[in-house]
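Notes follow the structure.
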Amino acid sequence: PPVPEPPPAAYEPLLIRLGEVLGALAFLKDLCREPGDGTPAPGEAWRQRMRDLIDAEAVAAGQKERFAGAFNRGYSGYATTYRTCTPAGRAAIEGLLRDGARLSRELSDRYGL
């Protein structure tokens, strides 16, 4: 029989929210990048951060699914709203960066992650 998944850590809801933020940033940063600037897609850096988070924190298949699902929700939530980069999209990026920084500080300060 499959090994039961351990109960979620107390900080998992913060990681789930961080995953949503990373997904939203992956979409918006690609959408709002300067066309023809020759740099790789900026969203890839946010995707890599999510892969790193999953590698570091998700020990069970259910956790991996929850974290990946959070990233996908964040990404698709903005993909359904924005087709072009707008001032509101740029403002959303700034808010998401602040939210991500706050979540990271809280995870570090409270849980040593």
Side-chain angles (χ1 to χ4, degrees):
V3 177
E5 186 174 317
Y11 54 83
E12 187 171 300
L14 295 172
L15 292 176
I16 295 292
R17 176 64 189 136
L18 184 58
E20 291 170 343
V21 168
L22 293 174
L25 285 168
F27 175 78
L28 287 171
K29 288 295 232 172
D30 281 347
L31 184 69
C32 290
R33 83 182 211 187
E34 293 298 320
D37 68 3
T39 60
E44 184 55 35
W46 301 102
R47 287 179 194 85
Q48 184 58 52
R49 288 178 180 168
M50 188 66 205
R51 285 189 290 269
D52 293 344
L53 186 148
I54 289 171
D55 289 345
E57 293 298 325
V59 295
Q63 288 175 307
K64 290 178 184 182
E65 290 174 16
R66 287 191 299 276
F67 293 166
F71 181 91
N72 292 336
R73 276 191 310 280
Y75 188 98
S76 65
Y78 281 89
T80 58
T81 305
Y82 291 94
R83 301 284 182 233
T84 61
C85 187
T86 64
R90 283 186 169 69
I93 290 171
E94 294 304 315
L96 288 161
L97 289 170
R98 282 190 304 274
D99 194 24
R102 180 192 56 78
L103 288 164
S104 296
R105 274 191 311 276
E106 186 173 350
L107 284 161
S108 177
D109 293 350
R110 290 181 67 191
Y111 301 104
L113 300 180

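Numbers here simply count residues along the sequence, with the first being 1.
Residues F27 and Y82 share a closest heavy-atom pair of CZ-O, 3.5 Å. Of all heavy-atom pairs between M50 and A68, the closest is CE-N, 4.3 Å. Counting all heavy atoms, side chain and backbone alike, R90 lies closest to C85 at NH1-SG, 2.8 Å.
A donor atom on one side chain and an acceptor atom on the other are not found under 3.5 Å apart for Q63 and R66.
The shortest distance between side-chain heavy atoms of E94 and R98 falls below 4.5 Å. Contact of the R73 side chain with the I16 side chain is registered, since non-hydrogen atoms from C-beta on lie closer than 4.5 Å.
Here the CG atom belonging to L14 is positioned 8.5 Å from the CG atom belonging to L18, to the nearest 0.5 angstrom. Atom CD of E57 is separated from atom CG of D52 by 11.5 Å, given to the nearest 0.5 angstrom. Taking CG from D55 and CD from Q48, the interatomic distance works out to 8.0 Å, rounded to the nearest 0.5 Å. Rounded to the nearest 0.5 Å, atoms CG (L22) and CZ (R17) are 10.0 Å apart. In this structure, CZ on R49 lies 11.5 Å from CZ on F71, to the nearest 0.5 angstrom.
Salt-bridge check for E44 with K29: failed, with every basic side-chain N at 4.0 Å or more from each acidic carboxylate O.
In this structure a side-chain-to-backbone donor-acceptor pair under 3.5 Å is present from S104 to G100. T86 contributes a side-chain N or O that, together with a main-chain N or O of G89, makes up a donor-acceptor pair within less than 3.5 Å.
Here the rule is side-chain contact (heavy atoms from CB on, under 4.5 Å) with W46, and of L25, D30, L28, V21 only L25 fits it.
Ring geometry for Y111 versus Y11: interplanar angle of 30 to 60°, hence tilted.
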